[in-house]
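Presented below is the structure to which this report refers.
All figures in this text were calculated on a predicted structure; none of them were measured in a lab. The sequence lines fix the lettering, A, B, ..., with proteins before strands; numbering per chain opens at 1.
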Amino acid sequence: MGSAFLAVESLRKNRFNYPFIMSEPIRVRFAPSPTGFFHIGSARTALFNWLYARHTGGTFLLRIEDTDSARNTQQALNFLLDGMRWLGLDWDEGPDRGGDYGPYFQSQRGEIYKQYRDKLLAAGRACEKDGAVYFKLQGERKTVYDEFKKAEIEKVEAAPVTIRDAIHGDVVRAETQDFVIWRSNGDPSFHFVNVVDDIEMKITHVIRGEDHLSNSSKHVELFNALGATPPVYAHIPLILKSTGQGKMSKRDQGALIEEYQRRFFLPDAVRNYLCLLGWNPKTDEEIMPIAEIIRRFDLPGINKSNARFDEKKMAHFNTVYTQALGAEEFFEKGVAVLRAESALLQDADINYVKDVLSLCQPKLAGLEALPEYTRYFFAETYGEDVAAREKTLKKKGLAGVREVLAEFLIFADAQTDWADEPLEAALKIFAEQKGRSTGEYIHAARLAISGRSVGPSFYGLLRVLGKQRVASRINAWLSKPENL
RNA sequence: GCCCCCAUCGUCUAAUGGUUAGGACGCGAGAUUCUCAUUCUUGAAAUCGGAGUUCGAUUCUCCGUGGGGGCGCCA
């Protein structure tokens, strides 16, 4: 029912209707160039393509634009594929999968490009100059001084072309200079292979960053010259730096997907956040399962204006997703994190680890914090936080704390039922008898047994650590030279 | 310099030719709790400016301003 309504709704709201395209099966592609790392902007572009394919039941293909032989590395490709998989962006055609329109590496498609190049050459729409092949614009030519290039160049008064864009509407723009489609080193250029492959791979919608919008007039020129119908474009807004000027670059804090992988962010959280940069589900809810996002996603719903990246909001999403993890799943992920950070002994008792993790999950902002947060559960030497010590000692001084701890030892020793509820009830009574608040015991004991002033529920902490260790840690604390 | 895109709280955004302009992050206050985190309640916070169209404009048009992008034998 909802989807039927949405379909009607999106038709009604779609200002730019291209019915002749709608009858074809939708094919979109993500076409990265593996020259560095997996940038968050690229990931968002991949995500939007993927969402659109999944929403429409179309095909999402991955094409590797590795024409610049000098810059592409296997390692960079691996970053990309890992990142895609991590985000759950599976492709229907592409590397490791094949498909009817391969190969999906541009470095393996040289013959196809040559054919298209020769076609343009033969038609007089391209010509050779200085060893490179240029696409020839049609129109009156004159040599003028260019203020930007600070040189005399030949400009062409070509007729403007229309870039049909599902987000921006029709954008009319004229190219003014011939441009290179084949470099003198023998490699075809980006603009050229991009268009040739989109023709060959029957791409119906090109969803890419708005930084390509101005280039799109070159592409439309090429489509026209090659006798092909240009695809529908969707130039999505750019992701801007969280502070300062300009779009996010790979050197910016938080710009690389690898960073979130390394910091144990939950991919679902990252993906959910990325969906909301330039698109929204038209509800007050922002956090929702990917299936729901797929159902709601559509091109006309994408925003026109650039979005500033907000790491805090993403961290919040990560917290919410971490909290929502089932106990079993949290345990699996938690153990993986602890192992990766060597925070877990090889022979750690599985039930003990389970107890620790389920105790800590409700308080944890994200898996990244887990090793530090649980350190004292897995090691007897865990250090004492300076600020925590000061905070605890400030009120009653060392002597006062020692007195409280001594009382607490008596309390602990007397407990027969070592579980959260009984401990809580008993401590309440004990404190009352002593004329103290439970907080006095809790603060002092927490410092002695964990070295912190913050942590999980105190009674759970006692339970998981066990009576013996609680007592021995407090005794150890009391006999430390600095605590005498 | 030329061309293109864009403009609602600090940020991400919703909505509308007539609304108390809504939500989220962040920030402030309060409550709860053993701490922290949560949770709950709550507060502050926006329609870039100027014309025009209109009974009425944040919404439509134009101009300005501001922001972003492009102008490679990079992609």
State which residues pass ring-ring contact (aromatic ring centres under 6.0 Å, His included) with [X]; sequence neighbours excluded, sorted by chain then number.
{"X": "A/Phe408", "answer": "A/Phe411"}
{"X": "A/Phe309", "answer": "A/Tyr273"}
{"X": "A/Phe265", "answer": "A/Tyr260"}

Less than 4.0 Å between a side-chain N and a carboxylate O, is that true for A/Lys304 and A/Asp165?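 No salt bridge links A/Asp165 with A/Lys304.
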Salt bridge flag under 4.0 Å for residues A/Arg436 and A/Glu407: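 Looking at A/Arg436 and A/Glu407, the cut-off is met.
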Per-nucleotide protein contact string for nucleotides 32-37 of chain B (B base, S sugar-phosphate only, - none; heavy atom under 4.0 Å): --BBBB
Heavy-atom protein contacts under 4.0 Å, nucleotides 66-71 of chain B, coded B base, S sugar-phosphate only, - none: --SBSB
NA contact type, A/Gly278, heavy-atom cut-off 4.0 Å: base, sugar-phosphate, or nothing?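 Sugar-phosphate, no base atom in range.
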Select base, sugar-phosphate, or nothing to describe what A/Asp130 touches, counting heavy atoms under 4.0 Å on all strands.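 Touches a base.
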Using a distance-only criterion (donor-acceptor N/O pair, under 3.5 Å, no hydrogens), is the base of B/rC73 paired with the side chain of A/Ser184?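 Side chain to base: pair present.
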Any idea how A/His191 and A/Phe179 line up, ring-wise: parallel (<30°), tilted (30 to 60°), or perpendicular (>60°)?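 Rings of A/His191 and A/Phe179: perpendicular, over 60°.
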Taking it one step at a time, do A/Arg208 and A/His235 satisfy side chain to side chain contact (heavy atoms under 4.5 Å, CB included)? CA-CA 5 Å; A/Arg208 47 153 61 144; A/His235 287 96; 3.2 Å; yes
Euclidean distance for C1', B/rG23 against B/rG18 (whole angstrom):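 Their C1' atoms lie roughly 23 Å apart.
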Between protein and nucleotides 23-26 of chain B, what N or O pairs are separated by less than 3.5 Å?
unit_1	atom_1	unit_2	atom_2	d
B/rG23	O2'	A/Asp284	O	3.1
B/rG23	N2	A/Glu286	OE2	3.0
B/rA24	O2'	A/Glu286	OE1	2.6
B/rA24	N3	A/Lys313	NZ	3.0
B/rC25	OP1	A/His316	NE2	3.4
B/rC25	O2'	A/Lys313	N	3.3

